[in-house]
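Notes follow the structure.
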Amino acid sequence: MTKKDNHDAYIAAAPEQFRAMLGQLRAQLSRALPDAEEVMKYDMPGFQIEETIIAGYAAFSKQCGLYVDPGAISAHADEIASLKLKATKTGVTFSVSKPITDELVEKLAISSRSKKGF
């Protein structure tokens with residue numbers, strides 16, 4: 001994908017099968033982090049408070065990712081595993097066939113915010 005300068009453009013340029021999922025993810029993060037500002041950093045859409053990125057997301061050819069504080073990933077590792085989602089130190093990947101739940105998005109966003117001191 002070419003560089004995009006806002007969340008709407010990023011989602012519109014994402015692979016078609018992920019657009020609705022990314023729109024839902026964006027709305028969920030916005031609700032979970034009501035005082036966070038929508039930003040584009042490192043060519044990815046994210047949510048920041050002051051100068052700190054609390055959560056970000058990305059679309060790839062076969063999956064999407066939600067990126068949060070490593071402490072949030074480890075705090076919810078059991079739930080991530082129970083949904084059969086893959087996790088790295090800082091992110092969770094999901095797809096149309098293995099979606100991330102709204103509940104997990106909210107938990108990860110709130111936990112990431114807390115781990116980052118907000």
Side-chain angles (χ1 to χ4, degrees):
M1 286 182 2
T2 58
K3 187 171 181 170
K4 303 296 171 207
D5 61 0
N6 64 56
H7 288 234
D8 289 328
Y10 186 93
I11 292 170
E16 187 173 351
Q17 73 267 28
F18 298 136
R19 292 178 194 157
M21 185 182 296
L22 291 173
Q24 182 178 344
L25 178 62
R26 176 188 184 187
Q28 189 67 19
L29 289 169
S30 185
R31 283 191 296 273
L33 303 167
D35 55 338
E37 175 187 3
E38 285 193 353
V39 295
M40 292 296 293
K41 297 272 174 106
Y42 312 107
D43 297 330
M44 280 179 29
F47 290 81
Q48 80 177 19
I49 297 175
E50 294 174 11
E51 294 301 313
T52 303
I53 299 289
I54 306 299
Y57 61 92
F60 306 99
S61 60
K62 296 183 179 172
Q63 63 190 15
C64 297
L66 171 61
Y67 301 95
V68 293
D69 186 86
I73 299 290
S74 59
H76 298 285
D78 291 344
E79 188 170 353
I80 293 165
S82 74
L83 292 169
K84 297 184 176 18
L85 299 175
K86 290 183 184 171
T88 64
K89 181 179 169 186
T90 59
V92 178
T93 57
F94 55 95
S95 64
V96 175
S97 61
K98 286 189 180 175
I100 191 167
T101 63
D102 288 347
E103 296 79 18
L104 181 56
V105 170
E106 182 175 0
K107 288 177 187 177
L108 288 170
I110 291 169
S111 181
S112 182
R113 176 194 179 110
S114 173
K115 301 284 184 197
K116 291 185 182 284
F118 294 100

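Contact record, H76 with S111: NE2-CB, 3.7 Å, taken as the closest heavy-atom pair. When all heavy atoms are compared, the tightest approach of A14 to R19 is O-NE, 2.8 Å. Among all heavy-atom pairs drawn from I73 and V92, the shortest one is CD1-CG2, 3.6 Å.
Atom NZ of K89 has 12 or fewer neighbouring heavy atoms from other residues, nucleotides or ligands inside a 6.0 Å radius. Within 6.0 Å of the CD atom in Q24, the count of heavy atoms belonging to other residues, nucleotides or ligands does not exceed 12.
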In a table with atom names and distances, give each donor-acceptor pair under 3.5 Å that connects a side chain of residues 52-71 to protein atoms at least two apart or in another chain.
| from | atom 1 | to | atom 2 | distance (Å) |
| --- | --- | --- | --- | --- |
| Y57 | OH | H7 | ND1 | 2.8 |
| D69 | OD2 | G71 | N | 2.8 |

Scan the side chains in residues 27-37 for donor-acceptor partners under 3.5 Å anywhere in the protein, sequence neighbours excluded, and list what turns up.
| from | atom 1 | to | atom 2 | distance (Å) |
| --- | --- | --- | --- | --- |
| Q28 | OE1 | R31 | NH2 | 2.6 |
| Q28 | NE2 | D102 | O | 3.2 |
| D35 | OD1 | R113 | NH1 | 2.5 |
| D35 | OD1 | R113 | NH2 | 3.4 |
| D35 | OD2 | R113 | NH2 | 2.8 |

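Note: D78 CG to L83 CG = 11.0 Å, rounded to the nearest 0.5 Å. Here S95 contributes atom OG and M21 contributes atom CE; the two are 6.5 Å apart, rounded to the nearest 0.5 Å. Rounding to the nearest 0.5 angstrom, the gap separating the CZ atom in R26 from the CZ atom in F47 is 6.5 Å. One finds the CG atom of D8 at 12.0 Å from the CG atom of L22 (value rounded to the nearest 0.5 Å). Atom OG1 in T93 sits 9.0 Å away from atom CD1 in I100 (nearest 0.5 Å). With rounding to the nearest 0.5 angstrom, the NZ atom of K107 is 3.5 Å from the CD atom of E79.
Proximity of F94 to P99: side-chain heavy atoms (C-beta onward) are nowhere separated by under 4.5 Å.
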